[in-house]
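Heads up, the thing below is written out as structure tokens.
Lettering of chains follows the sequences in order, A, B, ..., and the numbering in each one begins at 1.
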Amino acid sequence: MTESTRAASSDEASGSPEHALPTVFDPAAVEAPVYARWIDRGYFEADDTSDKPPYCIVIPPPNVTGSLHLGHAFEHTLIDALVRRRRMQGYEALWMPGMDHAGIATQNVVERELAKEGVSRHDLGREAFVEKVWEWKEESGGKILGQMRRLGDGVAWSRERFTMDDGLSRAVQTIFKRLYDDELIYRAERIINWCVRCHTALSDIEVEHSEDEGELISIRYGDDVVVATTRAETMLGDTAVAVHPDDARYQHLIGTEVELPLTGRKIPVVADTHVDPEFGTGMVKVTPAHDPNDFEIGRRHDLPNLTIMDERGNITAPGPFEGLDRFEARPAIVAALREQGRIVAEKRPYLHAVGHCSRCGTVVEPRLSLQWWVRVEPLAKAAGDAVRDQRVTIHPKSMESRWFGWVDDMHDWCISRQLWWGHRIPVWYGPGGEVVCVGPDDEPPSGEGWVQDDDVLDTWFSSALWPFSTLGWPDETPALAKFYPNQVLVTGYDILFFWVARMMMFGLYANADKGPEQAVPFSEIALHGMVRDQNGKKMSKSFGNAVDPLDWMDAYGSDALRFTLARGANPGVDVPIGEDWVQASRNFCNKLWNATRFALMSGAKVGDLPPADELSVPDRWILSRLHATIAEVDAFYEDFQFAKACDSLFHFAWDEFCDWYVELAKTPLNEGGADAERTRLVLGHVLDTLLRLLHPVTPFVTEVLWTTLTGDESVVVASWPEADHGWADPQAEAGFAGLQRLVTEVRRFRSDQGLKPGQRVAARLSGLDGIAGYEAEIRSLTRLNVPAEEFTATASLTVSGVTVELDLSGAVDVEAERRRLGKDLAAERKALEQSVRKLDNEQFLAKAPDAEVEKVRARRVSAEAEIARLESQLARLDAR
RNA sequence: GGGCGCAUAGCUCAGCGGUAGAGCACUGGUCUUACAAACCAGGGGUCGUUGGUUCGAACCCAACUGCGCCCA
């Protein structure tokens, strides 16, 4: 028990003090101490040498500059639930924590800080700057790790890793060297996405495309060549015009030269099948140094690559535009062309896709540059095959097509970045043009004229190693032996390509010696959706609908946030979340709290249950339902159906246990004796089991309640409940359903008659038969008193053979009753009509399965009986 | 422009061939001795449109419309 509950318990006048809980669940009072105790006891640490089966999930490493947002909270809730459940099931469970170094983002953050003091990274120099970044990381980085504790993440903190730490850097250098030696890494001059603000190359996936308004300018070159462009300034770098070789209109032009305006240069007209004759005039300008498609055309026709822009996006082509920024140059060049009468058409606004830097939003500039690349073809094929061979399964399966679509058509990966923060490329250049790739245990070449490559590697290059580098690779550590391959990777479908593909490629490559089954980085990929707001809108800071998960945790508790997220988690589907729903989850936690409180006040205890034949119908019913729920929850968990698992538990806990079993239990508990004792054991058993089942999603509240109920150490290390089909009891379920129907009908009647919920009314019950032993319970739930001697019934109703005669001592609202009966009658008549229609249909009788026909027959019989009953009741009303 | 996905109650979503479901919201009534963060009762949907397959379609197929995502 925590400090606060102990303190609060002294205020309780009644109940045994050691069991007393405050009347409401106060998450703020329990969460921090409970988490501290878990860490203290080392529950989340894992043993590399244990005999238990391994269960390892690595955290998709959050960015060192980041803080917890709802997307993290969502993903972490799911991972934590999986790992906690497996731990309870007896697995050696390990959730590996850590962060990546986020090359561009981190360098940007530190550069901004330096800029406040008027210092640039170039003033400091590379070494001093990197040192500054480390300082920043130690002081301000990793805020998210503390926030993960608030969420209750059960990670093995002693194993925390960082992509820039020594071990992981060694892993990076090892794989670089291997790939280099296998000729899977090469250096080449290509068109890359260049960020003119971050001054670095970006890979394809670091570019975000959006439909932006621009302009489409048609320009006449020479006398009769017209080309269209959205980036007019690039015309300065044109080295050809291309047409389709089969385009009849332009056959006469192929092989000729035209004059490029403003420059006076003569450029050739070439024929290339890449040109779409349908688009525009069917003639395109070719700027090989500033467009990826044009670069390819240029290669095919041996055209010169003319770079006309520098790294900052300023024009370098000599002439009047030299030094202008690309966006100043654009209108200036259009104006100059117009003056010469060379503008044939202008379309504004012209909507077209524009690439932006995913880190800073600046419009990306395609740029010819010398970079390092991974030749992905064999790696991507292996990644695709692993899924094709079922060595790795993707959940939900429907996402597989997305996976194949990507890995089967992957472009080479640009891995060099013109940054200082990151793993420096381990390649050295000698004075005589030598190129040496240095492995982790090699001495770099020294001596006059040797220099190391200036660039660093893409952050994803190191993240891709995460499933095994964090376990000690390239060394054959006990951790690696025990926990590789990982069991599951939980991540968003939106980044399936970002790094799942990369982890798969590198995992399979680096661990190929383990054999195809053991080389995979994980055997299952569980994809989740993105968190959206309560209107299904994407959350974003700029849109103003972003929510800080810490605010909601403060207001409603971590369990409430977690339960809301898990309950919304349908595989691969986006999850909307709103404050109302978090509040509802908080209410659920409080419901559990109070149910446990009631149980404890009633003396509930955990112990051996009596055999089924000594239990009551309600006991057997709730136990039957409990074990069915366990089986459901297990099946849903195995299929990553968090939403359904949570719904099952919510429904069982609230609608079945609290609303029915607990209410009904009050009767035997008040009577005392053996019935009370038996009820205490069932209450204790169900609650114990329920709290364990809920623990993976709502760890805090279940910890407090379970330890208070059982007196045991912690639910974190309690065993996971196992479904026992021996408790399945269709008879008890049927009997209980009859009882529920009766109670509900009486309540409806009372409500129709305007009786206050608490108002006790005398009534005579007859025909109880199978549920005769539970008359006291029925009276308690329906607030019906045992009639006195001089009882006179003024109203009556019958439900499945049971007749209830009540003394309403006053006017009976006949109209209300008639309305009710009429409504029920209409529903039954409709059901009858539908069944009859089917049974009259020869085709139905001939072709529908027998079981279906039987069902419809039974429905007709029950509808007829109900109609008879309702009609006779209506007749009795009319006779009055 | 290419590919994929989704359209079910006011909102967010389940259901995916055999009588329309949940949570929240809504309406009426209640402090009934665990819980008003609660309890009891209730209203609400021709399952996007149009065709087709089938004894039977929210569910399968086709087209259309509208949204969303990814890629160019």
TODO: Considering only atom C1', compute the distance from B/rG56 to B/rG1 and round it to an integer number of Å.
DONE: 42 Å
- [ ] For B/rG23, give its Watson-Crick or G-U wobble partner with both distances under 3.5 Å, or none.
- [x] B/rC11
- [ ] Examine A/F636 together with A/F642 and report whether their ring centres are nearer than 6.0 Å.
- [x] no
- [ ] To the nearest Å, give me how far apart CE (A/M399) and P (B/rC4) are.
- [x] 14 Å
- [ ] Could you state the atom-to-atom distance from CG of A/L592 to C1' of B/rA37 in whole Å?
- [x] 13 Å
Open item on the list: Using 30° and 60° as the class boundaries, would you call the ring planes of A/W654 and A/F650 parallel, tilted or perpendicular?
Closed with: tilted
Task: Identified pairing partner of B/rG18, criterion: Watson-Crick or G-U wobble below 3.5 Å - done: B/rC55
Task: Span that lies between the C1' atom of B/rU65 and that of B/rU53, in whole angstrom - done: 23 Å
- [ ] Assign A/F25 to base, sugar-phosphate, or nothing according to its heavy-atom contacts below 4.0 angstrom with the strands shown.
- [x] base
Task: Flag for A/Q843-A/N841: side-chain donor and acceptor within less than 3.5 Å - done: no
Please enumerate all protein N or O atoms sitting under 3.5 Å from an N or O of nucleotides 24-33 of chain B, with distances to 0.1 Å.
{"residue": "B/rU30", "atom": "OP1", "partner": "A/K756", "partner atom": "NZ", "Å": "3.2"}

TODO: Would you kindly give the CG-to-P distance between A/L687 and B/rA34, to the nearest whole Å?
DONE: 15 Å
Open item on the list: Between A/T234 and A/K285, is there a side-chain donor-acceptor contact under 3.5 Å, judged purely by atom types and distance?
Closed with: yes
- [ ] May I ask you to verify whether the side chain of A/E663 and the base of B/rA34 hold a donor-acceptor pair under 3.5 Å?
- [x] yes
- [ ] Find out whether A/E579 and A/V547 are in side-chain contact, i.e. whether some heavy atom of one side chain is under 4.5 Å from a heavy atom of the other.
- [x] no
Open item on the list: Under 4.0 Å, heavy atoms only, any strand: does A/D494 hit a base, just the sugar-phosphate, or nothing?
Closed with: nothing
Task: Base-pairing assignment for B/rC67 (Watson-Crick or G-U wobble, both under 3.5 Å) - done: B/rG5
Task: Short side-chain N/O contact to B/rC70 OP1/OP2 from A/R402, under 4.0 Å - done: no
Open item on the list: What is the separation between atom NZ on A/K830 and atom P on B/rU19, rounded to the nearest whole Å?
Closed with: 12 Å
- [ ] Once you apply the 3.5 Å cut-off to both distances, tell me the Watson-Crick or G-U wobble partner of B/rC47, or none.
- [x] none
TODO: Would you classify A/R820 as touching base, sugar-phosphate or nothing, given that sugar-phosphate means primed atoms plus P, OP1 and OP2, and contacts are heavy atoms under 4.0 Å?
DONE: sugar-phosphate
- [ ] Answer with base, sugar-phosphate or nothing: what part of the nucleic acid does A/E852 contact at a heavy-atom distance below 4.0 Å?
- [x] base
Task: Between A/S862 and A/R859, a side-chain donor and acceptor under 3.5 Å - done: yes
Open item on the list: B/rA38, OP1 or OP2 - any side-chain N/O from A/N594 closer than 4.0 Å?
Closed with: no
Task: Step-by-step salt bridge (charged side-chain N to carboxylate O under 4.0 Å, His left out) determination, A/K397 to A/E400 - done: CA-CA 6 Å; A/K397 200 172 165 50; A/E400 271 185 4; 3.4 Å; yes
Task: Between B/rU33 and B/rU27 - P atom distance, rounded Å - done: 25 Å
Task: A/P27 side chain near A/F700 side chain, heavy-atom distance below 4.5 Å - done: no
TODO: Give A/D752 one of three labels, base, sugar-phosphate or nothing, depending on what nucleic acid heavy atoms sit under 4.0 Å from its own.
DONE: nothing
- [ ] Could you tell me whether A/C658 contacts a base, only the sugar-phosphate backbone, or nothing, with contacts defined as non-hydrogen atoms closer than 4.0 Å?
- [x] base
Open item on the list: Regarding A/R859, tell me which of base, sugar-phosphate or nothing describes its non-hydrogen contacts under 4.0 Å with the strands shown.
Closed with: base
Open item on the list: Using only modelled atom types and a 3.5 angstrom limit, is any donor from either the side chain of A/R586 or the base of B/rA37 paired with an acceptor on the other?
Closed with: yes
- [ ] Just call it for A/V662: base, sugar-phosphate, or nothing, with non-hydrogen atoms closer than 4.0 Å on any strand.
- [x] base
TODO: Measure from CG on A/D647 to C1' on B/rG15 and round the result to the nearest Å.
DONE: 12 Å
TODO: Give the rounded distance in Å between these two atoms: CG of A/D574 and P of B/rC70.
DONE: 10 Å
Open item on the list: Please report whether the ring centroid of A/H528 lies less than 6.0 Å from that of A/Y493.
Closed with: no
Open item on the list: Once you apply a heavy-atom cut-off of 4.0 Å, does A/N841 come out as touching a base, just sugar-phosphate, or nothing?
Closed with: sugar-phosphate
- [ ] Please state how far atom CD1 in A/I577 lies from atom C1' in B/rC13, giving the value in whole angstrom units.
- [x] 14 Å
- [ ] Give A/R750 one of three labels, base, sugar-phosphate or nothing, depending on what nucleic acid heavy atoms sit under 4.0 Å from its own.
- [x] nothing
Task: Nearest-Å distance for atom pair CZ/P, residues A/F652 and B/rA22 - done: 19 Å
Task: Gap in Å between the two P atoms, one belonging to B/rC11 and one to B/rC26, rounded - done: 15 Å
Open item on the list: Quick check for you: among B/rA22, B/rU12, B/rC55, whose closest atom lies nearest to any side-chain atom of A/R567?
Closed with: B/rA22
Open item on the list: Nearest to the side chain of A/D655, heavy atoms from C-beta on, is which of B/rA38, B/rC13, B/rG23?
Closed with: B/rG23
Open item on the list: Do A/K666 and A/F598 form a cation-pi contact, if we require the NZ or CZ to be under 6.0 Å from the six-membered ring centre and within 45 degrees of the ring's axis?
Closed with: yes
